[in-house]
Colleague: 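The structure's right below; bear with me while I get my questions together.
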Protein chains: 2
Amino acid sequence: MTKPFSVLVVDDEKEIRDAIEIYLKYEGITVVQACDGIEAIEKLDEHPIHLIILDVMMPRMDGIAATFKIREQKNIPIIILSAKSEDTDKVLGLQVGADDYVTKPFNPLELIARVNSQLRRYVTLGTYEDSNKILNLNGLTLDPEAKIVEVNGEAVKLTPIEYRIVELLMNHPGRVFSIQDIYERVWKEPSYNAENTVAVHIRKIREKIEIDPKNPRYLKVVWGIGYKMEK
Amino acid sequence: MTKPFSVLVVDDEKEIRDAIEIYLKYEGITVVQACDGIEAIEKLDEHPIHLIILDVMMPRMDGIAATFKIREQKNIPIIILSAKSEDTDKVLGLQVGADDYVTKPFNPLELIARVNSQLRRYVTLGTYEDSNKILNLNGLTLDPEAKIVEVNGEAVKLTPIEYRIVELLMNHPGRVFSIQDIYERVWKEPSYNAENTVAVHIRKIREKIEIDPKNPRYLKVVWGIGYKMEK
DNA sequence: AGAATTCTTAAGAATTTCTTAAGGTTTTCA
DNA sequence: TGAAAACCTTAAGAAATTCTTAAGAATTCT
């Protein structure tokens with residue numbers, strides 16, 4: 001499963017960078033490497049980075065400071081790597097600006113869990129505002145907190161994928177999403193031979209939310225383009 | 001952009017207070033500092049405070065307890081700062097009265113997001129819902145102060161973890177929490193390989209609070225998404 | 001040391017998701 | 001205009017995932 005995230009790994013030891021890269025790639029996360037702070041800044045400009053893993057014990061501290069500056073502007077979570085033996089004060093100072101830390105030697109699974117946790121939090125915080133509001137369109141209601149969809153007051157039981165499709169469309173009433181759009185935004189991976197998969201789910205959704213699935217009132221097709229939720 | 005809010009930051013470390021102040025000021029929020037609970041009480045009398053950010057790990061615990069008492073009267077939201085390494089139970093006790101918490105090291109922007117979120121809620125709700133109030137849902141009762149759960153008036157004995165899960169769910173009736181959400185909010189660390197751990201606790205809770213655990217009335221599953229407490 | 005709590009493992013049940021395939025509808029363009 | 005191509009709908013069953021439950025091991029508390 002590919003995730004739409006890329007992580008910048010900053011460490012002066014190549015073996016560590018490579019090891020982390022292997023584990024993150026296995027998670028479907030793109031990895032960009034940098035061996036010091038200076039290089040990290042360049043990479044941050046070149047690539048869209050969603051999280052930084054940073055070894056505190058590197059020769060060139062100025063680069064690290066600069067990295068932090070950039071984070072302030074870009075709001076990217078930072079996970080710090082540090083050895084237990086390291087100077088506590090120095091590490092502590094850095095930690096004030098960090099989101100999480102892992103001490104070396106570290107369990108790769110734990111690092112991955114923390115990376116995922118940060119990415120999740122980062123994403124949900126970003127979309128926090130509108131993702132909690134109850135949506136309503138002509139009697140079709142969606143409650144993002146309770147994950148409940150209702151048609152004219154009657155609860156409808158949707159599966160997770162069905163729910164996510166409805167949520168996507170209802171968040172942008174009237175906007176047409178191609179099948180690829182839908183697949184990529186719901187499954188969070190590139191669509192390949194997935195046209196019919198989406199179509200089948202559309203059908204199932206109609207079966208549940210439409211009074212007359214053959215003449216849908218809410219979930220309409222736009223021929224040759226995609227689907228949309230009627231405004 | 002100036003906001004009509006002032007926040008009291010209580011921490012014994014000056015650098016942390018200053019760092020927080022810088023970020024909040026940038027948001028247009030007024031900041032009042034206090035280095036311990038005693039001082040916090042004075043400041044609460046002197047200034048109109050709308051929210052408190054409180055470090056749990058401070059030398060003088062009595063002052064903190066007093067701060068909480070004041071909050072109870074004044075209905076001010078509290079966000080707790082805690083280090084991961086800290087004694088979980090001690091932190092937990094405090095958190096019961098808190099509205100949100102952030103673990104150190106923290107991302108300043110995340111702290112700001114949570115501050116804004118609390119202030120928003122505080123304003124929109126008008127009268128802030130006290131998290132020490134006894135919760136009641138269809139005969140299921142939770143008393144956060146006494147840490148007692150009752151089903152139709154009959155006390156149920158929950159273990160600490162069980163209690164925290166029930167409390168989390170009851171604080172947000174109807175809202176669905178994924179297993180990862182639950183793990184991270186109850187255990188306060190990222191979850192990996194913890195899916196079944198939570199599931200087992202859910203089962204134990206049902207055994208205790210449900211009349212018919214196979215057809216739960218309170219603690220419901222939302223397939224593929226998580227669990228929730230029925231509204 | 002004994003009791004209570006928490007975690008791990010594993011097997012089976014329930015539910016969801018995907019694939020395949022056939023038939024219908026709309027568009028294209030000869 | 002009419003036939004071909006592209007696109008959409010529908011159905012059914014296989015595959016995969018998720019949930020429940022139980023039992024016992026490991027850990028923590030008293």
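Numbered from 1 within each chain, the chains take letters A, B, ... in sequence-line order. No experiment lies behind these values; they were computed from the predicted model shown.
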Colleague: My understanding is that only residues two or more places apart in sequence, or in another chain, count here; which of them pass side chain to side chain donor-acceptor pair (under 3.5 Å) with A:E15?
Modeller: none
Colleague: For nucleotides 25-30 of chain C, list the nitrogen or oxygen atoms of the protein found under 3.5 Å from its nitrogen or oxygen atoms, one pair per line.
Modeller:
none

Colleague: For DNA chain D, which residues of residues 155-164 of chain A approach it to below 4.0 angstrom with any heavy atom?
Modeller: none
Colleague: Between D:dA16 atom P and A:W187 atom CH2, what is the distance in whole Å?
Modeller: 17 Å
Colleague: Using OP1 and OP2 only, check whether a side-chain N or O of B:H201 sits under 4.0 Å from C:dT5.
Modeller: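 Answer is no, no contact under 4.0 Å.
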Colleague: Can you name the residues that form a side chain to side chain donor-acceptor pair (under 3.5 Å) with A:E184, not counting sequence neighbours?
Modeller: none
Colleague: For A:I179 and D:dT9, what is the distance between atoms CD1 and C1' respectively, to the nearest whole Å?
Modeller: 11 Å
Colleague: Run A:I165 and A:I205 through side chain to side chain contact (heavy atoms under 4.5 Å, CB included) and show every step you take.
Modeller: CA-CA 9 Å; A:I165 293 173; A:I205 292 167; 3.8 Å; yes
Colleague: With a sphere of 6.0 Å drawn around CD of A:E154, does it hold more than 12 non-hydrogen atoms of other residues, nucleotides or ligands?
Modeller: no
Colleague: Please state how far atom OH in A:Y183 lies from atom P in C:dC18, giving the value in whole angstrom units.
Modeller: 6 Å
Colleague: Name all residues meeting the side chain to side chain donor-acceptor pair (under 3.5 Å) criterion together with A:R217; count only those two or more places apart in sequence or in a different chain, and write none if there are none.
Modeller: none
Colleague: Looking at residues at least two apart in the chain, or sitting in another chain, which of them share a side chain to side chain donor-acceptor pair (under 3.5 Å) with B:R17?
Modeller: B:Q33
Colleague: Expressed as a whole number of angstroms, how long is the span from B:I165:CD1 to C:dT5:P?
Modeller: 14 Å
Colleague: Within this structure, what is the CZ-to-C1' distance between B:R203 and D:dG24, rounded to whole angstrom?
Modeller: 14 Å
Colleague: What is the distance from CD1 of A:I202 to C1' of D:dC7, rounded to the nearest Å?
Modeller: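 Whole-Å distance recorded here is 14 Å.
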Colleague: Who pairs with A:K208 by salt bridge (charged side-chain N to carboxylate O under 4.0 Å, His left out), at least two apart in sequence or on another chain?
Modeller: A:E162
Colleague: Taking salt bridge (charged side-chain N to carboxylate O under 4.0 Å, His left out) as the definition, give me every residue that meets it alongside A:K43, ordered by chain and number, with sequence neighbours left out.
Modeller: A:E39
Colleague: Between B:E210 and B:Y218, what is the shortest heavy-atom contact and its length?
Modeller: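 Taking B:E210 first and B:Y218 second, the nearest heavy atoms are OE2-N, 2.9 Å.
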Colleague: After noting the C-alpha distance and the side-chain angles of A:Y227 and A:V222, does the key distance pass the side chain to side chain contact (heavy atoms under 4.5 Å, CB included) rule?
Modeller: CA-CA 6 Å; A:Y227 298 92; A:V222 180; over 6 Å; no
Colleague: Using five pairs at either end of the helix from C:dA1-D:dT30 to C:dA30-D:dT1, determine the angle between the two local helix axes and round it to 10 degrees.
Modeller: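 Roughly 40°, once rounded to the nearest ten degrees.
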Colleague: For residues A:P173 and A:K231, report the shortest heavy-atom separation together with the two atoms involved.
Modeller: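 For A:P173 versus A:K231, the nearest heavy atoms are O-CE, 3.6 Å.
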Colleague: Under a 3.5 Å distance rule, please check whether A:S6 uses its side chain to pair with a backbone N or O of A:P48 as donor and acceptor.
Modeller: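 Pair found, side chain donor or acceptor close to backbone of A:P48.
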Colleague: Tabulate atom names and distances for all N/O pairs under 3.5 angstrom spanning the protein and nucleotides 8-11 of chain C.
Modeller:
{"residue": "C:dT8", "atom": "OP2", "partner": "B:T197", "partner atom": "OG1", "Å": "3.4"}
{"residue": "C:dT9", "atom": "O4", "partner": "B:N196", "partner atom": "ND2", "Å": "2.7"}
{"residue": "C:dA10", "atom": "N6", "partner": "B:N196", "partner atom": "ND2", "Å": "2.4"}

Colleague: Does B:K204 reach a base, just sugar-phosphate, or nothing at all? Heavy atoms under 4.0 Å.
Modeller: nothing
Colleague: According to salt bridge (charged side-chain N to carboxylate O under 4.0 Å, His left out), who are the partners of A:K228, at least two apart in sequence or on a separate chain?
Modeller: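 Residues passing salt bridge (charged side-chain N to carboxylate O under 4.0 Å, His left out) with A:K228: A:E230.
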Colleague: For B:K157, enumerate each residue passing the salt bridge (charged side-chain N to carboxylate O under 4.0 Å, His left out) test, keeping only those at least two apart in sequence or located in another chain.
Modeller: none
Colleague: For the pair made of CD1 in B:I205 and P in C:dT5, what is the distance, rounded to whole Å?
Modeller: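 So the two atoms are 13 Å apart, to the nearest Å.
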Colleague: From CD1 of B:I182 over to C1' of D:dC19, roughly how many Å is that when rounded to an integer?
Modeller: 13 Å
